[in-house]
Amino acid sequence: MIKNDKVFNIIRYSNVWEDTDIALDGISIKTGQIGAVVCSGGDNVLAMLIKSPKKIYAFDVNKTQLYCTELKIAAIANLTLDETKCLLGVTDGERLGLYKQVCDNMSKDAQRYFDEHIDFIKKGIVHTGKFEHYFQLFRKYIIPTTSSKNNYSEFSKMDNLKTQKEFYVRKIDTRRFRILFKIFFGYKSMAKYGRDKAFFEHVDKNDVKNNSYDLKKKVEYGLFHTKNSENPYLDYIANNNFTHAFPLYLQPEYYKLIRANLDKLELVHGNLGDLPDLKYDFFYLSDIFEYMSDLEFGQNIETLKKRVKNGSKILYWNMQNRRYIRNDTFVLDENLSQKLFEQNKAWFYRDLLIYEVKK
Ligand SMILES: C[S@@+](CC[C@H](N)C(=O)[O-])C[C@H]1O[C@@H](n2cnc3c(N)ncnc32)[C@H](O)[C@@H]1O
C-alpha cells in the first residue's frame with residue numbers, strides 16, 4: 001500500500017472518473033441494502049442514493065476527498081440544483097455567499113480545510129483536483145496546438161457513432177495529436193501532472209512504458225462505441241466543465257431523491273479494514289488494488305471475505321494493473337463485466353470485474 005501520506009493529502013479527484021451508469025448497473029443495489037463504496041470525489045456514492053439503500057459507507061484514505069464530498073453533501077442538502085451547480089463551479093455566480101450558507105453543515109475539519117483553501121471555493125470545487133488540473137492543461141496546451149477548442153466542443157456534443165468516428169479521424173487525430181498524446185499521456189507527464197509516481201509502483205514495467213499507447217487505444221474504443229453527447233467525462237475534458245452532460249448527482253430528475261436519502265450516507269476515513277465490522281451487500285472498490293502489492297491485495301481480499309455474505313456483490317476496476325480475485329467464494333460474472341465494460345464512458349481502464357459471493 002502506498003505509505004507516503006503526502007500522496008493522499010491533496011484533492012486528487014474532485015469528480016469521480018469512473019462511469020456512474022456502470023457503477024449502478026454493475027451492482028444493481030436493492031432498497032434496504034448496506035454497502036461500502038470508495039468515496040473519491042463522491043459522485044458515484046451520491047448517485048447510489050437513488051436506489052434507497054439502508055446505509056452506504058463511503059470510505060477513503062485521503063481525508064481531502066471526504067471534505068470534497070462533504071461540501072457536495074452540504075450543497076445538495078441546503079441549496080437548489082442551480083445554486084449547487086454554482087457553488088461547485090459548474091455555473092458562474094457568487095460562490096462565497098453560497099458557501100457561507102452551507103458550511104455550518106460540514107464537519108469542523110472540512111470547514112477548516114475550506115477556510116484555509118478558500119480559493120478552491122472561489123474557483124469551484126469540481127475544478128480543484130490534481131486530475132482535473134491535468135485536463136485543464138490538456139485543454140490549454142494540447143487542444144489548440146493539435147486541433148481547436150471549437151472542434152472539441154463540437155465533437156463533445158455529437159450523438160452519432162459514425163459521425164464521431166469520422167470527425168475524430170479528420171479533425172482530432174492529427175499528426176501533432178499523435179505525437180503530443182504520447183508525451184502528455186506518457187508515464188512521466190501523467191505521473192507528474194495527473195496522478196502520482198507512486199500509483200505506478202506496482203504496475204508491470206512494460207505496461208508503464210506503454211501507458212500512452214494503451215490509453216490511446218482505450219480512448220478510441222470509447223469514442224467509437226459510446227455517444228459523446230451523453231458523456232460527462234468527455235464534456236469535462238473537452239470543455240473543462242460540465243456544459244451539456246452532467247454527473248448523475250447534478251441531474252434534475254435525481255436531485256431531490258438524493259437529498260432525501262443523504263442520511264443513508266456515512267463517510268469513513270480509512271481503508272477496507274477500517275470499515276464497521278458488518279456483513280455488506282455490496283462493495284464498490286474503484287481501482288484501489290492498483291496501488292498495492294500482490295501480497296497486500298491478498299490481505300485485502302481476506303478482509304473482504306470476513307465482511308461479505310452469500311449474494312454480496314463486489315465491483316472494481318483495473319486501470320494499469322492486473323488484479324483478479326482467485327478464490328472459489330468470489331464468482332466472476334464475466335458476461336456482465338464484459339457487457340458493461342464495452343459501454344464504458346470513462347475510457348481509462350483495462351477491465352471491469354464484478355463478482356458475486358457464493359458461500
Ligand atoms: C483508487 S483512486 C482512483 C481514481 C481513478 N480511478 C484514477 O485512478 O484515476 C480513488 C480514491 O481511492 C482512494 N484510495 C486509494 N487506495 C485506497 C484504499 N486502499 N482504501 C481506501 N481508499 C483508497 C484514493 O484516495 C482516491 O480518492
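For ligands, and for the atoms within them, numbers begin at 1 and follow the listed sequence.
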(message) So, applying ring-ring contact (aromatic ring centres under 6.0 Å, His included) with His127, which one of Tyr236, Tyr134, Phe242, Phe120 is it?
(response) Tyr236
What atoms of ligand 1 come within less than 4.0 Å of a heavy atom belonging to [X]?
| X | value |
| --- | --- |
| Gly270 | 21 (C) |
| Ser286 | 1 (C), 2 (S), 3 (C), 10 (C) |
| Glu18 | 3 (C), 4 (C), 5 (C), 6 (N) |
| Tyr291 | 1 (C), 2 (S), 3 (C), 8 (O), 15 (C), 16 (N) |
| Asn62 | 25 (O) |
| Val38 | 11 (C), 12 (O) |

(request) Please answer whether the main-chain N or O of Gly97 pairs with a side-chain N or O of Glu94 as donor and acceptor at a distance below 3.5 Å. (result) yes
(message) Quick check against the 3.5 Å criterion: does Gln65 have a side-chain atom that pairs as donor or acceptor with the backbone of Asn62?
(response) no
(request) Work out whether the distance between some heavy atom of Arg12 and some atom of ligand 1 is less than 4.0 Å. (result) no
(request) Would you indicate whether Lys359, at its atom NZ, is surrounded by more than 12 heavy atoms from other residues, nucleotides or ligands within a distance under 6.0 Å? (result) yes
(message) If you measure every N or O of Trp17 against every N or O of ligand 1, does any of those distances drop under 3.5 Å?
(response) no
(request) May I ask you to check whether Tyr349 has an N/O atom sitting below 3.5 Å from an N/O atom of ligand 1? (result) yes
[X] contact mode with ligand 1 (heavy-atom cut-off under 4.0 Å):
| X | value |
| --- | --- |
| Met319 | side chain |
| Asn271 | both |
| Trp317 | neither |

(request) Carefully, step by step, assess Phe184 and Phe138 under the rule ring-ring contact (aromatic ring centres under 6.0 Å, His included). (result) CA-CA 8 Å; Phe184 192 79; Phe138 180 75; 5.7 Å; yes
(request) State which residues pass salt bridge (charged side-chain N to carboxylate O under 4.0 Å, His left out) with Asp277; sequence neighbours excluded, sorted by chain then number. (result) Arg307
(message) For the aromatic rings, using the six-membered ring if either is Trp, is the centroid distance between Trp347 and Tyr221 under 6.0 Å?
(response) no
(request) Using the ring of Phe246 (Phe, Tyr or Trp, six-membered ring only), decide whether Lys85 places NZ or CZ under 6.0 Å from its centre and within 45 degrees of its axis. (result) yes
(request) Please confirm whether Lys165 makes a cation-pi placement over Phe224, using NZ or CZ under 6.0 Å from the six-membered ring centre and within 45° of the ring normal. (result) yes
(request) Measure from atom 14 (N) of ligand 1 to every heavy atom in Asp287, Val61, Thr64 and give the option owning the shortest one. (result) Val61
